[in-house]
S.K.: 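My questions will all concern the structure given below.
Note that these values count all heavy atoms, side chains included, but never hydrogens, waters or copies made by symmetry. One-based numbering along the sequence shown. Not measured: the values here are computed from a predicted model.
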Amino acid sequence: MLFTNAVDIGVMSGAAMYIKKDLNITDVQLEILIGILSLYSLFGSFAGARTSDRIGRRLTVVFAAVIFFVGSLLMGFAVNYGMLMAGRFVAGVGVGYGGMIAPVYTAEISPAASRGFLTTFPEVFINIGILLGYLSNFAFARLPLHLGWRVMLAIGAVPSGLLALLVFCMPESPRWLVLKGRLADARAVLEKTSATPEEAAERLADIKAAAGIPKGLDGDVVTVPNKEQGGGELQVWKQLILSPTPAVRRILLSAVGLHFFQQASGSDSVVQYSARLFKSAGITDDNKLLGVTCAVGVTKTFFILVATFLLDRAGRRPLLLISTGGMIVSLICLGSGLTVAGHHPDTKVAWAVALCIASTLSYIAFFSIGLGPITGVYTSEIFPLQVRALGFAVGVASNRVTSAVISMTFLSLSKAITIGGSFFLYSGIAAVAWVFFFTCLPETRGRTLEEMGKLFGMPDTGMAEEAEDAAAKEKVVELPSSK
């Protein structure tokens with residue numbers, strides 16, 4: 001699902017300049033068009049959390065793909081700016097659904113030993129999608145102006161349509177099945193995704209404990225005691241937002257902070273405005289601009305593939321700190337190159353152009369090897385089972401709001417403090433992010449999802465014990481009446 005969003009990101013980076021020419025819109029309208037998708041996705045993020053808890057993770061993926069399919073067609077057939085914005089709204093809701101459900105589903109179905117590798121796959125397809133978006137821009141740029149950008153945007157309907165069909169071959173999340181009391185179905189999925197039957201049985205026991213099912217309660221379909229006592233959706237909001245424990249509050253802060261800094265450090269500005277950025281550096285030919293943006297896509301794809309093999313070996317925390325440190329240096333170099341190029345608008349300073357290209361690719365590489373993939377992986381791991389869907393939705397909401405602010409203010413910010421000054425500002429934010437990651441985020445590599453709470457100070461007593469105590473009390477009360 002994130003693949004379709006990524007195609008849109010890659011496409012918009014190049015299609016934007018053709019949309020502006022064809023529809024004769026202003027820079028403000030253009031940056032709103034690009035950035036508003038992130039705000040629209042908020043609707044999908046929170047709706048996705050509720051939907052995934054009600055109908056399951058798998059069917060939520062289908063729902064997300066269908067919504068994005070419709071949005072892509074609306075954008076492709078848009079005849080004016082208003083219709084284009086309507087298509088962005090529909091597509092944005094689909095993006096919100098997909099951004100919330102894909103990492104959660106992958107984390108819940110993956111074994112602990114390979115969870116980092118598997119959970120980065122959505123990020124891998126994000127980068128492949130962005131690369132394909134860049135390539136489609138390059139391929140369709142030679143079409144007539146009124147047709148080219150429309151084909152670029154409509155092509156996003158293809159992968160989302162394929163996803164909606166292929167997802168029926170995927171199993172349901174075993175953790176969602178346990179929450180619904182469907183132990184036999186969960187056991188079958190775990191046996192397919194575990195190395196041995198013993199490992200599957202151990203994973204099932206851990207998930208049952210986290211869901212509040214007493215150890216002695218077994219069967220194909222059972223009633224989940226904790227669900228009956230919990231008060232449903234209101235209880236989930238209470239546990240996470242209204243009156244969280246100190247440990248849950250720390251988990252929420254970690255997730256929100258991670259998503260915020262991923263976007264506030266300027267990643268969307270570099271990706272979505274890459275053509276504009278290189279034009280400011282001194283590259284003016286449209287074909288050369290699209291060619292250099294393709295290099296950005298290749299770099300992102302290569303280094304995210306490297307990250308998939310390092311996450312379960314090097315760990316989340318070391319990669320995150322190395323990644324953010326490299327981003328800080330790259331942003332400073334990019335700001336310096338753009339500042340020099342801005343001071344010589346009538347002449348091309350070759351070394352400044354080279355520095356801008358090199359530092360942009362360096363930034364993309366460092367982002368893709370750490371902060372890019374780890375944000376989704378880490379957030380999908382740390383929340384307790386009962387609040388995982390809503391917790392991830394809150395993290396995605398933080399991500400999308402920040403992304404919208406960054407995307408919709410970049411052109412205005414560049415005019416106010418220069419384009420070079422914008423990247424100096426992003427480097428300062430990235431430095432604050434490094435300190436936050438160093439002080440607040442513990443290592444999660446190799447731990448099961450049910451063990452994560454201990455890292456954030458949760459008591460070792462599980463919810464299953466509480467459920468057993470409650471069940472025992474109910475039996476004591478019922479004894480007189482049963483006689």
Side-chain angles (χ1 to χ4, degrees), residues 9 13 127 130-131 134 261-284 288-304 306-307 318-375 402-403 406-407 409-411 413-438:
I9 292 173
S13 68
N127 287 276
I130 290 174
L131 175 59
Y134 288 148
F261 284 118
Q262 186 201 50
Q263 295 300 328
S265 56
S267 57
D268 275 1
S269 294
V270 174
V271 174
Q272 293 181 336
Y273 292 100
S274 55
R276 185 108 176 196
L277 191 156
F278 292 127
K279 189 172 184 179
S280 298
I283 303 174
T284 55
K288 290 181 179 179
L289 283 174
L290 293 175
V292 178
T293 57
C294 287
V296 171
V298 171
T299 302
K300 282 180 68 65
T301 304
F302 175 78
F303 280 95
I304 192 63
V306 173
L319 281 179
L320 191 59
L321 295 176
I322 292 171
S323 167
T324 310
M327 289 165 56
I328 295 169
V329 176
S330 301
L331 286 168
I332 292 173
C333 292
L334 179 57
S336 301
L338 289 170
T339 299
V340 171
H343 287 160
H344 300 82
D346 298 326
T347 59
K348 182 183 293 185
V349 183
W351 69 265
V353 175
L355 179 62
C356 289
I357 295 174
S359 55
T360 299
L361 297 180
S362 173
Y363 174 88
I364 291 297
F366 277 111
F367 178 83
S368 299
I369 208 170
L371 185 55
I374 288 174
T375 298
T402 309
S403 172
I406 295 297
S407 299
T409 59
F410 177 71
L411 297 179
L413 182 67
S414 300
K415 291 178 180 179
I417 64 173
T418 74
I419 190 169
S422 300
F423 288 100
F424 286 131
L425 176 61
Y426 295 147
S427 69
I429 296 173
V432 176
W434 192 97
V435 175
F436 176 82
F437 300 152
F438 183 81

S.K.: For Leu371, is there any backbone N or O sitting under 3.5 Å from a side-chain donor or acceptor partner on Ser323?
M.R.: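 It does hold such a pair.
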S.K.: Could you pull out the closest heavy-atom pair between Ile429 and Ala264, with the gap in Å?
M.R.: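 For Ile429 versus Ala264, the nearest heavy atoms are CD1-O, 3.4 Å.
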S.K.: Can you measure from CZ (Phe436) to CG (Leu320) and round to the nearest 0.5 angstrom?
M.R.: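 The CZ atom of Phe436 sits 10.0 Å away from the CG atom of Leu320.
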S.K.: How long is the straight-line distance from CD1 of Ile419 back to CG of Leu338, given to the nearest 0.5 Å?
M.R.: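 The CD1 atom of Ile419 is 5.0 Å from CG of Leu338, to the nearest 0.5 Å.
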S.K.: Can you tell me how far the CZ atom of Phe302 sits from the CG atom of Leu361, to the nearest 0.5 Å?
M.R.: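 Here the rounded value is 13.0 Å.
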S.K.: Taking all non-hydrogen atoms of both residues into account, name the closest pair between Phe366 and Ser330 and its distance.
M.R.: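 Closest approach of Phe366 to Ser330, heavy atoms only: CD1-OG, 3.9 Å.
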S.K.: Tell me the closest heavy-atom pair linking Ala433 and Thr324, and the distance in Å.
M.R.: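 The pair with the smallest heavy-atom distance is CB-CG2, 4.3 Å.
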S.K.: Do you know the tightest heavy-atom contact between Ser359 and Leu334?
M.R.: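 Nearest heavy atoms, Ser359 then Leu334: OG-CA, 3.3 Å.
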S.K.: Is the backbone N or O of Gln262 less than 3.5 Å from a side-chain atom of Ser265, with the two atoms forming a donor-acceptor pair by type?
M.R.: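 Indeed, once roles are kept as given, a pair shorter than 3.5 Å links the two residues.
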S.K.: How far does OG of Ser267 sit from OH of Tyr426, to the nearest 0.5 angstrom?
M.R.: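 With rounding to 0.5 Å, OG (Ser267) is 9.5 Å from OH (Tyr426).
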S.K.: Suppose we screen for side chain to side chain contact (heavy atoms under 4.5 Å, CB included). Which residues come up paired with Thr418, at least two apart in sequence or across chains?
M.R.: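 Expected list: none.
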S.K.: Evaluate side chain to side chain contact (heavy atoms under 4.5 Å, CB included) for Asp268 paired with Phe410, printing each intermediate quantity in order.
M.R.: CA-CA 9 Å; Asp268 275 1; Phe410 177 71; over 6 Å; no
S.K.: Between Phe423 and Ser336, does a side chain to side chain contact (heavy atoms under 4.5 Å, CB included) hold up when you go through it step by step?
M.R.: CA-CA 9 Å; Phe423 288 100; Ser336 301; over 6 Å; no
S.K.: Look up atom CD1 in Ile364 and atom OG1 in Thr301, then write down how far apart they are to the nearest 0.5 Å.
M.R.: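 Ile364 atom CD1 to Thr301 atom OG1 measures 10.5 Å (nearest 0.5 Å).
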S.K.: Check whether any side-chain heavy atom of Phe261 lies under 4.5 Å from a side-chain heavy atom of Thr375, and answer yes or no.
M.R.: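 They are not in side-chain contact.
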S.K.: Considering non-hydrogen atoms only, spot the tightest contact between Ala430 and Leu331 and give its length.
M.R.: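 Of all heavy-atom pairs spanning Ala430 and Leu331, the closest is CB-CD1, 4.3 Å.
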S.K.: Restricting to pairs with a member in residues 363-372, which pass salt bridge (Lys or Arg N to Asp or Glu O under 4.0 Å), not counting sequence neighbours?
M.R.: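 Those involving residues 363-372 do not exist here.
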S.K.: Taking all non-hydrogen atoms of both residues, which atom of Ile328 and which atom of Ala431 are closest, and how far apart?
M.R.: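 Smallest interatomic distance, heavy atoms only, reads CD1-CA, 3.5 Å.
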S.K.: If you round to the nearest 0.5 Å, how far is CD of Gln263 from OG of Ser269?
M.R.: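 Reported to 0.5 Å precision, the distance equals 9.0 Å.
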S.K.: Show the numbers, then the answer: is there a side chain to side chain contact (heavy atoms under 4.5 Å, CB included) between Leu425 and Leu413?
M.R.: CA-CA 10 Å; Leu425 176 61; Leu413 182 67; 4.1 Å; yes
